[in-house]
Each structure stands twice: as structure tokens, then as C-alpha cells.
There are 2 protein chains.
Amino acid sequence: MQQTQNPHTTHLTIEEIEHRLRQHGYRLTGPRTVVVDAVLRHQRPFTAEQLVAELSSGDDSIGRATVYRTLEVLASMDVLTRIVSPDGHPSYISGAPGHRHHLLCQVCGITVTFTACPMSELISTLADETKFQINEHTLEVFGVCPSCQAHQ
Amino acid sequence: MQQTQNPHTTHLTIEEIEHRLRQHGYRLTGPRTVVVDAVLRHQRPFTAEQLVAELSSGDDSIGRATVYRTLEVLASMDVLTRIVSPDGHPSYISGAPGHRHHLLCQVCGITVTFTACPMSELISTLADETKFQINEHTLEVFGVCPSCQAHQ
DNA sequence: ATCGATATTGACACAAAGTATCACTAGTGA
DNA sequence: TCACTAGTGATACTTTGTGTCAATATCGAT
């Protein structure tokens with residue numbers, strides 16, 4: 001199993017992200033880079049509204065719509081991952097390119113990313129048996145990290 | 001792998017559900033049985049708002065809050081399952097007691113339930129390596145069913 | 001360096017989905 | 001039948017996200 005205990009190791013630099021934006025035909029605007037910057041500062045999952053709050057009262061305040069639009073763009077380019085918890089609340093994790101899943105601490109939000117996905121076998125079996133064309137799946141794991149277990 | 005192509009086979013009867021409600025200390029009220037009745041009529045995933053719409057204009061119209069509350073109660077008793085798609089929209093599937101996962105058609109909503117869960121091994125590995133206390137996980141699969149593939 | 005087409009922005013209104021309140025109603029056990 | 005209390009529903013509210021559109025900023029072409 002591959003793991004990334006330190007989220008930094010999967011983070012892209014701001015230059016790499018700007019390069020990706022250009023590659024995908026997006027313009028490099030001021031508000032966009034402010035949002036990207038803010039996203040990179042987060043090492044734990046954050047919600048769209050958190051980001052809106054952070055960026056709405058600063059010197060260069062960014063509109064709500066722009067924050068949502070930029071998050072969507074970044075997610076579509078695999079710069080960040082949108083994950084939905086069982087209670088239906090979505091949050092974003094920065095630095096998660098490729099096919100990854102997450103183990104989240106329900107107390108402090110710290111995240112372990114893993115690429116081991118036991119789904120491929122299940123999916124081919126399911127496809128065989130049901131003749132479905134299978135497009136996507138959700139798989140996220142929730143629990144309590146050792147540190148939060150100790151402090152309770 | 002166990003499958004249930006016909007959702008009826010996993011449906012509880014209204015009597016069984018009323019029995020469970022009593023067992024859990026809930027009262028058997030008029031609105032509650034109307035909601036249960038409506039839930040049982042659904043063989044495909046439905047949203048809370050769909051149910052609100054169905055039940056708000058009838059003879060005995062049920063309030064929005066009651067619908068939401070009853071769905072929560074039923075989900076807590078394993079009479080129905082709340083599942084959240086990758087886009088964050090939750091829906092309910094009736095008749096899914098126990099540990100089950102679902103394969104949903106993104107076009108028509110038909111559902112195949114399966115109990116084969118490849119997670120147990122992954123979870124014990126994750127727990128070993130991270131020392132997390134693991135509480136829950138999401139695992140749902142989305143695609144297009146054979147019938148909808150043909151009609152496109 | 002300037003220009004012009006157009007992608008992007010942000011204020012605003014709107015929509016969807018769910019929650020809190022609270023006076024009133026109706027099950028339920030005694 | 002009575003009294004206690006769980007449950008109800010109208011309403012207002014919150015949260016989270018989307019649509020609109022005039023004004024602005026970016027970027028390739030000149």
C-alpha cells in the first residue's frame with residue numbers, strides 16, 4: 001500500500017498549477033491565483049464556505065461565485081479532490097492528483113491518502129454480472145486518528 | 001457475491017416496520033405511517049424533497065419537517081439507506097438492512113444491491129499502519145445499466 | 001506597446017436542501 | 001378516560017450552491 005502521511009509530498013507548487021491552468025486554456029487572473037494560494041495553505045480538508053469566508057474580508061476580497069468556480073476548475077484538473085462524507089457535507093483536499101482515496105479523522109480532520117484501491121476486482125465482477133457500464137465509485141474511510149484517541 | 005436484482009426481495013412489510021418502530025420506542029402516528037407507506041412504494045432511489053412534494057399536496061398532507069424526521073428515523077433503524085452520490089446529492093433506497101452497497105444507474109436510477117465488500121482487508125491494513133480507530137466508510141458504484149446503454 | 005475579442009469577475013438575486021422554534025395535537029400507558 | 005409527553009406542522013431561518021449580467025482584465029495578434 002502506498003501512503004502519504006505528510007500531505008506536503010503530494011502538493012503541487014503554485015507554478016505547476018499555473019502551468020496546468022494555461023495548458024487547459026484557462027487565463028491566469030489575479031483572483032484565481034489568490035484562491036490557488038489559499039488552497040495551497042490548507043493541509044487539512046476545508047469546505048468551500050470556509051474559503052469564501054477567508055477570502056471575502058481580506059484586502060483583495062474574492063466573490064463567492066469566483067471561489068466556487070475556481071474550486072470546480074481545480075478539482076477538474078486534479079489539483080484538489082472533492083470528497084463527500086456520509087452525512088452529505090462535501091469538503092476539499094488539496095494535492096491529490098490521480099486515483100486516490102482518503103482516511104479522515106472525524107475529530108481533527110487530519111487525512112491519510114492511500115492509493116491502494118480494492119475496487120478493481122469487485123468492479124470487473126460487478127460489470128460481468130450486471131452488464132452495467134461502470135463509470136465511477138466513491139470510497140472514503142472515516143475514523144479517529146491516534147492523537148485524537150489519546151486526548152479523549 | 002450476493003445480489004438482489006429485484007428490490008422487492010429485501011423489502012420489509014409495513015407490519016414489520018411498525019413493529020420495529022415500537023421496539024425502538026417510537027409512537028405509531030398517522031403521518032409516520034403515511035410516510036412509511038410512501039417509502040415502501042418506491043423501488044428506486046428517491047430524494048427527501050421528492051417525498052416532500054408527493055406528500056405535501058395529498059388529502060393528508062405531511063409537513064416537510066416530518067418527512068425529514070421520519071426518513072432519519074427509518075435510516076437509523078436500517079429500514080432504508082441514505083446514499084450520497086459523488087456530486088453530493090443524497091438519496092434514499094428503501095429496504096436495505098445490514099451492510100450493503102449499491103450499484104446505481106446514473107440514467108434511470110435502477111439499483112443493484114450487493115453485499116460483497118472488499119473493504120475488510122483494506123480496513124485492517126489501514127488500521128494497522130495508521131493506528132486509526134476506523135468507524136465507517138462509503139462505497140458506492142455508479143454507471144449505466146444495460147437497458148439504458150441500449151437506448152442511447 | 002496597444003488593441004480588441006472574450007474569458008472572467010463580483011454583486012445580486014435566486015434556488016435547493018435541510019434545521020430550529022414553538023404552540024398545538026394525538027398516542028400511549030395507567 | 002386522563003394526563004403525560006412524543007410528535008406534528010406552519011413558519012422562519014440557515015447553509016450551500018447556482019444563474020445573470022454589466023463591468024473588467026487577460027492575452028494573442030498587430
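Proteins come first, then strands; the chains are lettered A, B, ... in the order of their sequence lines, and each starts at number 1.
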Without decimals, in angstroms, what is the distance between [X] [atom1] and [N] [atom2]?
{"X": "Gln50(A)", "N": "dG17(D)", "atom1": "CD", "atom2": "C1'", "result": "16 Å"}
{"X": "Ile62(B)", "N": "dA10(D)", "atom1": "CD1", "atom2": "C1'", "result": "14 Å"}
{"X": "Glu18(A)", "N": "dT26(D)", "atom1": "CD", "atom2": "P", "result": "12 Å"}

State whether the distance check finds a donor on one side and an acceptor on the other, under 3.5 Å, for side chain Arg69(A) versus base dG17(D).
no
Students should find that the nucleotides of DNA chain C closing off the region near chain B, any atom under 4.0 angstrom from a heavy atom, are dA17(C) to dT28(C)
With five pairs defining each end axis, the helix from dA1(C)-dT30(D) to dA30(C)-dT1(D) comes out bent, to 10°, by 40°
[X] side chain to [Y] main-chain N or O, any donor-acceptor pair under 3.5 Å?
{"X": "Arg20(A)", "Y": "Val79(A)", "answer": "no"}
{"X": "Arg22(A)", "Y": "Arg27(A)", "answer": "no"}
{"X": "Thr70(A)", "Y": "Thr66(A)", "answer": "yes"}
{"X": "Gln133(B)", "Y": "Gln149(A)", "answer": "no"}
{"X": "Ser94(A)", "Y": "His42(A)", "answer": "yes"}
{"X": "Arg82(A)", "Y": "Ala75(A)", "answer": "no"}

Whichever of Ala65(B) and Arg27(B) has the more 5' nearest nucleotide on DNA chain C, that residue is Ala65(B)
Between Arg32(A) and Ala48(B), the residue closer to the 5' end of DNA chain C by nearest nucleotide is Arg32(A)
Touch check for Arg64(B), heavy atoms < 4.0 angstrom, all strands: base, sugar-phosphate only, or nothing?
base
### Task
Indicate the ring-plane relationship of His24(B) and Tyr26(B), choosing parallel, tilted or perpendicular according to the 30° and 60° boundaries.
parallel
| message | Regarding Glu49(A) and Arg64(A), does a basic nitrogen lie under 4.0 Å from an acidic carboxylate oxygen? | response | yes
For Thr29(B) and dT8(D), is the shortest distance between a side-chain N/O and OP1 or OP2 below 4.0 Å? yes
Notebook entry, point to check: Are any of the side-chain heavy atoms of Leu71(B) and Val39(B) separated by less than 4.5 Å?
Noted result: yes
